[in-house]
Amino acid sequence: MQLSTLWRQSSAFRMGVSISIATGLYGISFGALGVAAGLSVWQTCALSLLMFTGGSQFAFVGVVAGGGAGVAALGAASLLGVRNAVYGMQMAALLGPKGLARLLSAQLTIDESAATALGQADKTEQRRGFWTAGVGVYVLWNLFTAAGALLGNALGAPSRWGLDGAAVAAFLGLLWPRLKGREPIALAVAAAAVAMLAVPMVPPGIPILIAAVLGGVWGYCTRSSGQAPRAAGGAA
């Protein structure tokens, strides 16, 4: 299928490409901040190639920039990466990858690829959305990380270019179409409220994990009560 035809016929492909561009551009800020924190260009690029989870990468760089030890930086990054393990189990059940595809899907399982897949009702579109977003974000994130690392401090503050809001806009774009019905809206409001209340009381990165636990408990209680969850676009 030609790309032009795929673009017209597949909402998952369009969403995956759009989210890849928005998220990939955010990699410029990570590259610049990594070098500013004292990492070399190659070390900064290696984090994107191997770790490949934005929140964990920023946590790692933040600890290093603050003078923290490598072990502390790795611990903070690992804590924020816990959510990807949960996504991975869900994607494995949803997509059923085999062999090499299973290993590749594990590397590409991030917020964006998981959300793009779960935003589709059709099985084919779920797979297409996952791979489009996963591969697209990986390629662009690494390219723009390298660009940001090479440019370094010449970029100035990420907020100057609006890059600090790119990830937020991307997540909102994924979330908005899924807020259909009272239950998804109620869960989104509750999770946001819990995360905001936790911000001044716990270290950075923990509020989103608390909100994720709330979502998991909510989903478990919903399934236990016999209600069909709608938050995953009918896919779960």
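Numbering of residues begins at 1 and proceeds along the displayed sequence. None of the values given here were measured: they were computed from a predicted structure.
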With rounding to the nearest 0.5 Å, note down the distance linking [atom1] in [X] to [atom2] in [Y].
X	Y	atom1	atom2	answer
Thr44	Phe60	OG1	CZ	9.5 Å
Lys98	Leu103	NZ	CG	13.0 Å
Asn84	Gln90	CG	CD	12.0 Å
Ile28	Leu33	CD1	CG	11.5 Å
Arg128	Ser11	CZ	OG	9.5 Å
Met89	Thr109	CE	OG1	11.5 Å

Heavy-atom closest pair, residues [X] and [Y]:
X	Y	answer
Gln126	Ala117	CG-O, 3.3 Å
Arg127	Leu95	NE-O, 3.5 Å
Ala92	Pro97	O-CD, 3.9 Å
Glu125	Gln120	O-CG, 3.6 Å

Within a strict 4.5 Å, meaning less than it, do heavy atoms of the [X] and [Y] side chains meet?
X	Y	value
Leu94	Phe130	no
Ile110	Tyr87	no
Ile19	Thr116	yes
Ser113	Trp131	no

Only pairs under 3.5 Å count here: list side-chain donor-acceptor contacts from residues 134-147, not counting sequence neighbours, and write none if there are none.
residue : atom : partner : partner atom : Å
Tyr138  : OH   : Leu49   : O            : 2.9
Trp141  : NE1  : Ser48   : OG           : 2.9
Trp141  : NE1  : Gln57   : OE1          : 3.3
Asn142  : OD1  : Leu49   : N            : 3.0
Asn142  : ND2  : Tyr138  : O            : 2.7
Thr145  : OG1  : Ser48   : OG           : 2.9
Thr145  : OG1  : Trp141  : O            : 2.7

Checklist outcome for this item: Residue set satisfying side-chain contact (heavy atoms from CB on, under 4.5 Å) with Leu150, at least two apart, ordered chain then number -> Val41

Item to check | Criterion side-chain contact (heavy atoms from CB on, under 4.5 Å) on Gln43 and Val35, from CA distance to verdict | outcome: CA-CA 9 Å; Gln43 287 172 330; Val35 173; over 6 Å; no

Next on the checklist: Is it the case that the side chain of Thr132 and the backbone of Gly129 share a donor-acceptor pair, with hydrogens and angles ignored and the cut-off at 3.5 Å?
Outcome noted: no

